[in-house]
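Atom set for the values below is all heavy atoms of this structure, side chains included, hydrogens, waters and symmetry mates excluded. Start at 1 and go down the list; that is how both ligands and their atoms are numbered.
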Amino acid sequence: MVREKRIKIKSIGIYLPEKILTNYDLEKMVDTSDEWITTRTGIKERRIAAGEQVTSDLGVEAAKMALEKAGLKPEDIDLILVATNSPDTIFPSTACWIQRKLGTREMAAFDLQAGCTGMLYGLIVSEGLILSGICRRVLLIGVDVLSKITNWEDRTTCVLFGDGAGAFVLEESQDESGFLSHCWGADGSLGELLMLPAGGTLHPASEQTVKDKLHYIQMKGNEVFKNAVKRMGEAALEAVKKAGLEKDQVDFLIPHQANLRIIEAIAERFNLDRNRVVVNIDKYGNMSVATIPVALYELQQEGKLQPGKIVVMVAFGAGFTWAASVYRC
Ligand code: ACO
């Protein structure tokens, strides 16, 4: 059943660091090749934050752009919600650092951590807060600077990730647009397959944890791959069904950009032509929580988000977590 009350995306902002790291650059850093990276992942280049840039720096730029596009001031927002896996600090939250950089105070601010699925989890949480009347507007920011928690000597992970940020201003919809359905889930029993082991209470930072390189992302890529294909495919189809739609009514599919082969496998389940599946992994790599807002922004820039168009967003990430949302423009 489609809800009568819905939230909508009032505006989108993004920020991408200037520095571009190509596969050819990586060939000089680890034992890899442009050919391997391109055929196994679809990635050609990615953006990397400058040395002094931290997660909140990227997030605040995306936030400012979203606020400007919405014609709002920071004070018009009731909550800053940040989805990230690479916070500035374990605490305070990156949301609080972003609030400070926006030069504002008073509104609530907190982080949400759900692997690469964070932006969709954030949408679902925001929807609950807006439709229950707790918040009028939420500034949802998805930002990751994985380059600072990547082991640049590990070719199995360092070729995959990029840095970036996206932000949505969310509020209740007064027209036909808005989120028609969501579906979400998690399986914590598979957590070890994709994790950053140290720095928390499990392995507090020590000389040994640094020596053992436990402060970097560790991933069993092929296991993550299999689970991502299964869970993203199922979640996207379930969300479409919950929206009361058939899969051939979907105009655009925005899958989390982790691997072109995963994207193609999901597109196949939808029988969608290549031009209706959003792919930008070649330019940005896996920007974790930022992939979906950046892809949606690019679709909007291309003039494709015409009123009534149906967009399905689907993601998968550490946890494992997964989610899918159906949006009517
Ligand atoms: N260059 C050259 N060779 C490489 C590289 C590289 N960069 N990386 C791995 N290899 C080698 C491996 O060592 C292995 O060699 P071997 O057969 O001699 O042992 C071979 O390539 C095959 O390795 P696989 O890991 O089996 O390769 P696969 O086809 O699975 O591709 C990849 C690896 C790209 C990581 C893929 O598994 C993948 O994309 N997984 C999903 C990642 C993902 O979805 N992450 C999402 C969440 S991210 C988040 O939440 C932060």
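In the model, Thr41 has no side-chain atom that pairs as donor or acceptor with a side-chain atom of Asn259 under 3.5 Å.
The minimum heavy-atom distance between Gln113 and Thr84, with the atom names listed, is CG-O, 3.3 Å. Nearest heavy atom pair, residue Ser56 against residue Lys101, reads OG-NZ, 2.7 Å.
Protein non-hydrogen atoms do not reach within 4.0 Å of atom 14 (C) of ligand 1. Within 4.0 Å of atom 40 (N) of ligand 1, at least one protein heavy atom is present. Proximity of atom 19 (O) of ligand 1 to the protein is not indicated, since no non-hydrogen protein atom lies closer than 4.0 angstrom.
What sits closest to atom 43 (C) of ligand 1 on the protein, heavy atoms only, is Val224 CG1, 3.5 Å. Looking at atom 35 (C) of ligand 1, its nearest protein heavy atom turns out to be Leu160 CD1, 3.8 Å. The single protein non-hydrogen atom nearest to atom 10 (N) of ligand 1 is Trp36 CZ2, 3.4 Å, given as residue, atom name and distance. Protein heavy atom in closest approach to atom 31 (O) of ligand 1: Arg261 NH2, 3.6 Å.
Annotation for ligand 1: atoms under 4.0 Å from non-hydrogen atoms of Arg40 are 22 (C), 27 (O), 28 (P), 29 (O). For ligand 1, the atoms closer than 4.0 angstrom to any heavy atom of Asn222 are 26 (O), 30 (O), 37 (O). Using a 4.0 Å cut-off to heavy atoms of Thr156, the atoms of ligand 1 that qualify are 8 (N), 9 (C). For ligand 1, the atoms lying closer than 4.0 Å to a non-hydrogen atom of Cys116 are 47 (C), 48 (S), 49 (C), 50 (O), 51 (C). Counting the atoms of ligand 1 from 1 in the order shown, those under 4.0 Å from a heavy atom of Ala258 are 43 (C), 44 (O), 46 (C). Ligand 1 places these atoms under 4.0 Å from at least one heavy atom of Thr41: 34 (C). Heavy-atom proximity to Val159, at under 4.0 Å, picks out these atoms of ligand 1: 7 (N).
Proximity of Ile310 to Leu180: side-chain heavy atoms (C-beta onward) are separated by under 4.5 Å at one or more points.
In this structure, OG1 in Thr117 is found 12.0 Å from CG in Leu123, a value given to the nearest 0.5 Å.
Here Glu234 does not pair with Arg269 in a salt bridge; the nearest charged N to carboxylate O distance is not below 4.0 Å. Of the charged side-chain nitrogens involved, at least one lies within less than 4.0 Å of a carboxylate oxygen, so that Asp34 and Lys44 count as a salt-bridged pair. By the 4.0 Å N-to-carboxylate-O rule, Lys211 lies too far from Glu207 to be salt-bridged with it. Using a 4.0 Å cut-off between charged nitrogen and carboxylate oxygen, Glu61 and Lys64 count as a salt-bridge pair.
Taking any N or O of Thr32, backbone or side chain, at least one lies under 3.5 Å from an N or O belonging to ligand 1. When only interatomic distances are considered, the shortest N/O to N/O separation between Ser33 and ligand 1 does not fall below 3.5 Å. Between Ser288 and ligand 1, a contact under 3.5 Å exists for no N or O pair. Of the polar atoms of Gly221, at least one N or O is found under 3.5 Å from an N or O of ligand 1, judged by distance alone. In terms of N/O distances under 3.5 Å, ligand 1 is approached by Ala318.
Checking Arg155, Met219, Glu35 against atom 11 (C) of ligand 1, the nearest heavy atom belongs to Arg155. When the options Asn259, Asp154, Leu194, Ile262 are ranked by their closest heavy atom to atom 38 (C) of ligand 1, first place goes to Asn259.
In this structure, Ile37 has no heavy atom closer than 4.0 Å to ligand 1.
Test Ile12, Ile14, Thr291, Val278 against Leu296 for side chain to side chain contact (heavy atoms under 4.5 Å, CB included) and you get one pass: Ile12.
Legend: residues meeting side chain to side chain contact (heavy atoms under 4.5 Å, CB included) with Ile20, ordered by chain and number and at least two apart, are Thr22, Glu45, Arg47.
Classification of the Trp322-Phe316 ring pair by plane angle, with boundaries at 30° and 60°, yields parallel.
Proximity of Asn85 to ligand 1, defined as any heavy-atom pair under 4.0 Å, is not found for any part of the residue.
Grouping the Ile, Leu, Val, Met, Phe, Trp and Tyr side chains by contacts below 4.5 angstrom, directly or via other members, places Val54 apart from Leu146.
The backbone N or O of Gly115 sits less than 3.5 Å from a side-chain atom of Asn85, completing a donor-acceptor pair.
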